[in-house]
Novice: 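Sharing a structure below in structure tokens format, with a few things to ask.
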Amino acid sequence: MTAVRRIAGKLGALLLTLFLASLLVFFSRFIVPGDPVSFLLRGRTPSPDAVAAVTAQYGLDLPPWQQYLNWLFGALQGDFGRSLQYRQDVSTVLGERLPVTLGLVVMAGLLIAVIGLSAGAVAALNRGRIADRATLVGLTVLGAVPSFVGSIVLIAVFSVQLRWFPSFGSGEGFLDTIYHLVLPSIALAIVFVVLVGKVTRSSMVEQLGREHVEVAMSRGLKRATVIRRHVFRNAIRPILTVAGVLVAGLLVSSAIVEAAFGLSGMGSLLVQSVDRLDFPVVQAIVMFVVTAFVVVNAIIDILEPWIDPRSAAGAGAR
Amino acid sequence: MTTPTLAVKVLRAPRARRRSSTTYLISLGVLAVMTLAAVFAPLIAPYDPDQVDFSAFYAGPSPEHWLGTDGLGRDILSRMIFGARTALLGPLLVVVSSTILGVLLGLLAGWRGGWIDAVLGRIFDVIFAFPALLIAILAVALFGKGLVAPVIAMSIAYAPFVARLTRTLVAAERNRPYVAAYRVQGFGGAWIALRRVLPNVTPIVGAQSTLNFGYVLAELAGLSFLGLGVQAPTADWGAMINEAQAGLIGGYFLPALVPAVAVVIVVVAVNVVGEELSDRIGGGTPA
């Protein structure tokens, strides 16, 4: 019963945050001075027909709250209006671009999970020793490598010099796509590997210093068992809290990586739409990223008692 | 729990004489050099950043051009020196304004508590859902290219991080005996909050805020790299990398690598300094 109530509460918070975010995304257009028709048609020479068409299509003659409700109910059914540059439904354009970005995010996510977690764990288990110091120095430097810098360096070394990987496009077919996405996903992952690595290290170091771990060690239990059962399981919660930041960050940073590697994904669509003043597409992508962030966070919140049984016992049980 | 001496300790912590690490000093030096270069760019730069040398396209390093020239024959060193201006000024503005905004909101939330705290917390939650770079891109979509809209947008994006920390610190500070002592003496809540509590929390918050500088620098440079921030002919590190992409495929690495390496060096230096500052200041107070 309490579990149901807890989940309902989390879902309510999720919907409220999404609702407020949608208000922000939709009404941001209204803080720009000038009339909405000329805002949507910036950079184009509107014929009277076009003005009439845009006005009718977006219901610009309706009061703002009604425009919002129309947009919201459309969006809930997957209808984000029409793209100004493609003259297609925004959802169609997005649907074409999404697979590349999702592939990129999944590959980067795997790299982040494997490298970030192991780097953090190695550092924590060798605290103060040379492996720890080396990892920390490595993480500090890598943490300062934004995805555009990573892209440039990877292209210079692995595409132009060594000719191992392509520097452009996303390829065709499954294996070729993965091959094309190797460098982009590395460039995308770098900063986030550092984030996960640092959180893992500090979280595990904290757990390693706890009394029950020391007692378990002194009782002569196998070190590996103690680390697996008492250290890592307890350390996992803070690591998971960064997952929401991670997903949203990857989706946004993919704009930069896609630009650098000439990939036609959602990120490059966002940049292109800003560039060509295609506001309906910008709105849809912003809303998509925000939703991803909020939903991932809510899932982790909801799963928390199963991941970390202590939190089910009570909030203060930590 | 907390004893009255703790508050005094926070107020008058004798600056522990700690040996500054070499990396810290080197990082400070790097930042000082970059700042001087940015401030005195016209005096230091050997060339005009937009001056075209028709005898040297993609020239390598030479006595005339220390870091070579780009595809249009412009001196890369001079462009780097002028580019340091936008690279440093943008993040500086964001860090300062987000800190001021965040500290004030955090103070309000932490000091008053109750519904004000709840409403502000909800607003922060919503802003957290927008990654800073996304807010910056949205701002460009609304107000056009350049750095003004993104700087304002990112100040808002970063303020909740500052506000959260301030709120936690202020909420803890509010229950300290010295606050009660001031109240007993008849001082008003606003006076205590602004004149006595605020100075106690600002060093910690300030040190944490410097750590945002690196992120903001990378994000604003990334925006210019996307062609949405500082526009092409202007010398800016991100815009320089954007322009140098075509040459990169052709094997001309310097025009792209020089600004790329500069970004990494400055961000590492800022982070080293920021972490050292947080360590020093954070050390004196119970977390």
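The chains referred to below are lettered A, B, ... by the order of the sequence lines, with proteins before strands, and numbering in each begins at 1.
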Novice: Given a strict heavy-atom distance threshold of 4.5 Å, which part of A:L16 is in contact with chain B: side chain, backbone, both, or neither?
Specialist: side chain

Novice: Quick check for you: among B:A132, B:G251, B:A221, which has the greatest number of heavy-atom pairs under 4.5 Å with chain A?
Specialist: B:A221

Novice: Relative to chain B, which segment of A:S159 carries a heavy atom at a distance below 4.5 Å: side chain, backbone, both, or neither?
Specialist: neither

Novice: Considering only NZ, NE, NH1 and NH2 on the basic side and carboxylate oxygens on the acidic side, decide whether A:K10 and A:D301 come within less than 4.0 Å.
Specialist: yes

Novice: For each of A:V294, A:V252, A:L24, A:T140, tally heavy-atom pairs with chain B at distances under 4.5 Å, and name the one with the top tally.
Specialist: A:V252

Novice: Among the options B:V266, B:N271, B:D125, B:I249, pick out the one with the most heavy-atom pairs lying under 4.5 Å from chain A.
Specialist: B:I249

Novice: Non-hydrogen atoms of chain A under 4.5 Å away: do they reach the side chain of B:E219, the backbone, both or neither?
Specialist: neither

Novice: Under a 4.5 Å cutoff for heavy-atom pairs, which residue among A:A156, A:P146, A:G150 has the most contacts with chain B?
Specialist: A:A156

Novice: Determine the option with the most heavy-atom pairs under 4.5 angstrom with chain B, choosing from A:A260, A:A255, A:A13.
Specialist: A:A260

Novice: Could you tell me which of A:V245, A:V25, A:V160 has the largest number of non-hydrogen atom pairs under 4.5 Å with chain B?
Specialist: A:V160

Novice: How about B:F128 and B:F161: are their ring centres within less than 6.0 Å of each other?
Specialist: yes

Novice: Please determine, among B:I123, B:I127, B:I137, B:V261, the option with the most heavy-atom pairs under 4.5 Å with chain A.
Specialist: B:I137

Novice: What part of B:L228 lies closer than 4.5 angstrom to a heavy atom of chain A: side chain, backbone, both or neither?
Specialist: side chain

Novice: Could you check B:I26, B:V270, B:I265, B:V272 and say which one makes a side chain to side chain contact (heavy atoms under 4.5 Å, CB included) with B:L31?
Specialist: B:V270

Novice: Among A:S28, A:S167, A:A248, A:A259, single out the residue with the greatest number of heavy-atom pairs under 4.5 Å to chain B.
Specialist: A:S28

Novice: Quick check on A:L18 against chain B: is it the side chain, the backbone, both or neither that has a heavy atom closer than 4.5 Å?
Specialist: neither

Novice: Is the Lys NZ or Arg CZ of A:R29 less than 6.0 Å from the centre of A:F27's six-membered ring, within 45° of the axis?
Specialist: no

